[in-house]
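Nothing here was measured: the structure is a model prediction, and the numbers come from that model. Position 1 is the first residue of the sequence; numbering continues from there.
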Amino acid sequence: MNQNERKTVMRRMVLLIAVAALVMGLYALRLIFLQLVNGDEYKSQATNTTDYNFTVTAARGDIVDSTGERIATTTTSYNVVLNKLQMGDEDLDSLLQRLVELFEKNGESWTDTLLISQPDAAGNYTFTARDDSSSDQRQLTTMKENLGLQQYATANDVMEMLVEKNNLQDLPLRWQRTLAGIHYEMELQAFSNVNNFVMAENVSDVTVATIKENSLSLPGVEIVQTSTRSYEQGDIVPAVLGRVGKITAEKWKVTDENGQTTYPLREKGYNMNDMIGVSGLEAVYEDELRGKDGVETITRSSDGVIVGTAMTTVPEPGHTVQLTVNSDFQKAVEQALGKNIDMISRAYGTDGARANAGAVVVLDVHTGEIRAMASLPSYDPTNVAAALEDPDSPLINRALLPYSVGSTFKVLVAATAIEQGYADHTHDCPGYIQVEDVIFHCHNLAGHGLLNMTQALEKSCNPYFVSLIQLTGGESVAAKAAAIGFGSPLELADGITASAGRLPTYEELAVPGQTANFGFGQGYLVATPLQIAQLMATVANDGAAVTPKLIAGYTEDGQTISEYTPTYSPRQVIRESAALQVQQMMIQVVEEGSGTK
């Protein structure tokens, strides 16, 4: 290379270096500008995020028996939930159509409470609310009010408004009705960026897997694990157990007589699609069973990108409510009661009459704890609709309702007479007894002949006990009955109260005929099976009356009771010596008398 060529190369190299230096200088100046001059602005943009909080439902507490066996519990299920925040620009109606097609393929149902049919061949709609269902009629009224329509509006009027409101005019009629129902439900659940929409509940594993596999084509569609109420032993005291259900529109939005609207459940932390106890113990102990919901926080940047999710508040499960009832014993009692009802129906059912119901209560005689409380016929708490249509009225808890008492009451007449010194009283029964101008017959029309108290109780002789109460007076027997609990209501839990029944008044007992009736448990006397159990427990507990108790208390682990419900001390109603004598008489009834049948 000669001198000229070398100079040319050097000039080019210097030029290249200069250009490179210039470019690097420009980049450096740009970085300085970005970081020093506009750094705060870009930093603000990068950190400009919004947090959205979503409720995570806490597991509902269990209801268990005296041994800790679950009666009502919570099982895991899966819901299909729409998260508007994560849907982005996805067309909502197109997404809903794909989901409905998936549900139909897998045999799933989805949330749709719009009481309107699919269109007929002429494109007309009809209401599906049943005329004999007050619930359906209330729901129909509320729907029209929510849409701002008059109550005379037809199903076609409702659909026309929903189609126009949700821009569904270009879709086939079948899809108009389907999507209108979903949009209406979304409005009821206040679907928004901060409130998800539960589209389908308790879906199958197949649906769960399909949605997860197609998650990229279903933006904003989530599978959410949730808790479902399960009654593992739903046949155990179902009338007391109660049930849970979705919050109704009437409970969610409350309008008083002055037109003032409040949302009391929302103020207590509920969401509109939450489950809540609606009857029985599920409702009574709602606050204890419910638990404390958690919070999941989703963070989104200013350009719509989800930059983080976190469980900011961990849900706390509800407490367990423990009953005094023993499940195994309850089942045995119900089985025995069922057999007895069947036997009575076969033995005495004539001319279409039949025994079809009954109740049994078993108490711990020392504590008053209810070990069994059977009421037949029973029902399935997960299918209340069927029970409502059953002519035998299984929803009635017969153990807590009053009935005519009969011969079981003779036990208290006997105890009162022994206390007053009439233990050796005898009566010659010819088959009847006359009190003034009224004749009271014995079930043995031929008469029992001469009987002492033990024999009279064995044979359940009405004339004997009429003669006995004429000695003691009706008032003294009534006073003991009242002390045991007859004539007074008994609250087993808030909202679960046993009937008071009825004791004859002292004025009524002043009539000799009414006192005679009272002597063998008839007349104005009516009592609940629970009160009869209290009477027998009093005798068995050597004359000390106990207060029945159904709830043992609350527990966090299902084993250790941390909060007991009160147990009341027994009250001495019958003198111990008298109670002991009556105990022996009752044994005689079972071993040798009418109780052997």
Using the side-chain contact (heavy atoms from CB on, under 4.5 Å) rule, take Leu147 and Leu162 through it: C-alpha gap first, then chi angles, then the decisive distance, then the call.
CA-CA 8 Å; Leu147 295 173; Leu162 288 173; 3.7 Å; yes

Can you establish whether the number of heavy atoms outside Asp256 located under 6.0 Å from its atom CG is more than 12?
yes

What I'd like to find out is whether the side chain of Ile551 reaches to under 4.5 Å of the side chain of Leu323, using heavy atoms alone.
yes

Distance col, row Phe103:CZ vs Leu96:CG, nearest 0.5 angstrom, shows 9.5 Å

For a quick check under 3.5 Å, do Glu108 and Ser204 share a side-chain donor-acceptor pair by atom type?
yes

Which pair of non-hydrogen atoms, one from Tyr285 and one from Tyr554, has the smallest distance, and what is that distance?
CE2-OH, 3.1 Å

Pair Asp342-Ser345, side-chain donor/acceptor within less than 3.5 Å
no

When you compare the side chains of Ser77 and Glu201, does any donor N or O come within less than 3.5 Å of an acceptor on the partner?
no

Just do the salt bridge (charged side-chain N to carboxylate O under 4.0 Å, His left out) check on Arg60 and Glu286 with the steps written out, would you?
CA-CA 9 Å; Arg60 192 171 181 84; Glu286 171 65 20; 2.7 Å; yes

Is there a side-chain contact between Ile574 and Thr538 (heavy atoms, below 4.5 Å)?
yes

Closest non-hydrogen contact found for Leu99 with Met199 is CD1-SD, 3.6 Å

Which word best sums up how the rings of Phe486 and Phe409 line up, parallel for under 30°, tilted for 30 to 60°, or perpendicular for over 60°?
perpendicular

Check the pair Met87 / Leu92 against side-chain contact (heavy atoms from CB on, under 4.5 Å), numbers first and verdict last.
CA-CA 8 Å; Met87 288 174 58; Leu92 177 59; 3.4 Å; yes

In this structure, OG of Ser378 is separated from CG of Asn397 (nearest 0.5 Å) by 9.5 Å

Tightest non-hydrogen contact, residues Arg398 and Ala359, listed as C-CB, 3.8 Å

Do the side chains of Thr113 and Leu188 get nearer than 4.5 Å, heavy atoms only?
yes

Between Thr255 and Gln260, is the side chain to side chain donor-acceptor pair (under 3.5 Å) condition met? List the steps.
CA-CA 5 Å; Thr255 303; Gln260 192 86 12; over 6 Å; no

Min side-chain heavy-atom separation Ile236-Leu241 under 4.5 Å
no

Taking Ser117's backbone N and O only, do any of them form a donor-acceptor pair with Thr126's side chain (distance below 3.5 Å, no angle check)?
no

Can you give me the closest heavy-atom contact between Asp112 and Gly181, atom names plus distance?
OD1-CA, 3.7 Å

Is it true that the NZ or CZ of Lys84 lies under 6.0 Å from the centre of Phe191's six-membered ring and within 45 degrees of the ring axis?
yes

Supply the atom-to-atom distance Gln534 CD to Leu490 CG, rounded to the nearest 0.5 angstrom.
6.0 Å

In terms of side-chain heavy atoms, does Thr312 have a donor or acceptor partner in Thr297 at a distance below 3.5 Å?
yes

Give the intermediate values and the outcome of side chain to side chain donor-acceptor pair (under 3.5 Å) for residues Asp157 and Thr154.
CA-CA 5 Å; Asp157 294 333; Thr154 66; 3.1 Å; yes

Rounded distance [0.5 Å steps], CD in Gln322 versus CD1 in Ile63
11.5 Å

For Leu337 and Val360 the tightest heavy-atom approach is CD1-CG2, 3.8 Å

Side chains of Thr178 and Gln118: does their closest heavy-atom pair fall under 4.5 Å?
yes

Kindly indicate whether a cation-pi arrangement holds for Arg243 with Tyr231, taking the cut-offs as under 6.0 Å to the six-membered ring centre and within 45° of the axis.
no

With no hydrogens and no angle check, just 3.5 Å: does a side-chain donor-acceptor pair link Thr207 and Asn106?
yes

Any side-chain donor paired with an acceptor under 3.5 Å for Thr320 and Asp62?
no

Indicate whether the side chain of Asp93 and that of His183 have a donor and an acceptor atom separated by less than 3.5 Å.
yes

Could you please spell out the steps behind the side-chain contact (heavy atoms from CB on, under 4.5 Å) verdict for Gln330 and Val237?
CA-CA 8 Å; Gln330 172 82 17; Val237 291; 3.8 Å; yes

Using every non-hydrogen atom in the two residues, find where Glu508 and Thr505 come nearest and quote the distance to one decimal.
OE1-N, 2.8 Å

Can you check whether Ile276 reaches Tyr270 side chain to side chain, under 4.5 Å on heavy atoms?
yes

Distance-only polar pair, side chains of Thr262 and Glu267, donor-acceptor under 3.5 Å:
no

Pairwise distance CD1(Ile341) to CD(Glu334) - rounded to 0.5 angstrom
10.0 Å

Hey, are the side chains of Thr408 and Met536 touching, using non-hydrogen atoms and a 4.5 Å cut-off?
yes

Here the gap from Leu82 atom CG to Asn196 atom CG, rounded to the nearest 0.5 Å, amounts to 8.0 Å

Under a 4.0 Å threshold between the charged nitrogen and the carboxylate oxygen, would Arg371 count as salt-bridged to Glu369?
yes

Is Val221 close to Leu95 at the side-chain level, that is, under 4.5 Å between some pair of heavy atoms?
yes

Yes or no on side-chain contact (heavy atoms from CB on, under 4.5 Å) for Asn146 and Thr142, after CA distance, side-chain angles and deciding distance?
CA-CA 6 Å; Asn146 289 341; Thr142 302; 3.6 Å; yes

Whether the Arg70 and Ser230 side chains hold a donor-acceptor pair (N or O, under 3.5 Å, no angle test) is what I'd like checked.
no

Step by step, work out the side chain to side chain donor-acceptor pair (under 3.5 Å) result for Arg229 and Thr73.
CA-CA 6 Å; Arg229 202 58 165 169; Thr73 188; 5.7 Å; no

Does a donor on one side chain sit under 3.5 Å from an acceptor on the other, for Ser499 and Thr528?
no

Just wondering, are more than 12 heavy atoms of other shown residues or ligands nearer than 6.0 Å to NZ in Lys253?
no

Heavy atoms from other residues, nucleotides or ligands near CZ of Phe329 exceed 12 (cutoff 6.0 Å)
no

Do the side chains of Asp287 and Lys268 get close enough for a salt bridge, i.e. N-O under 4.0 angstrom?
yes

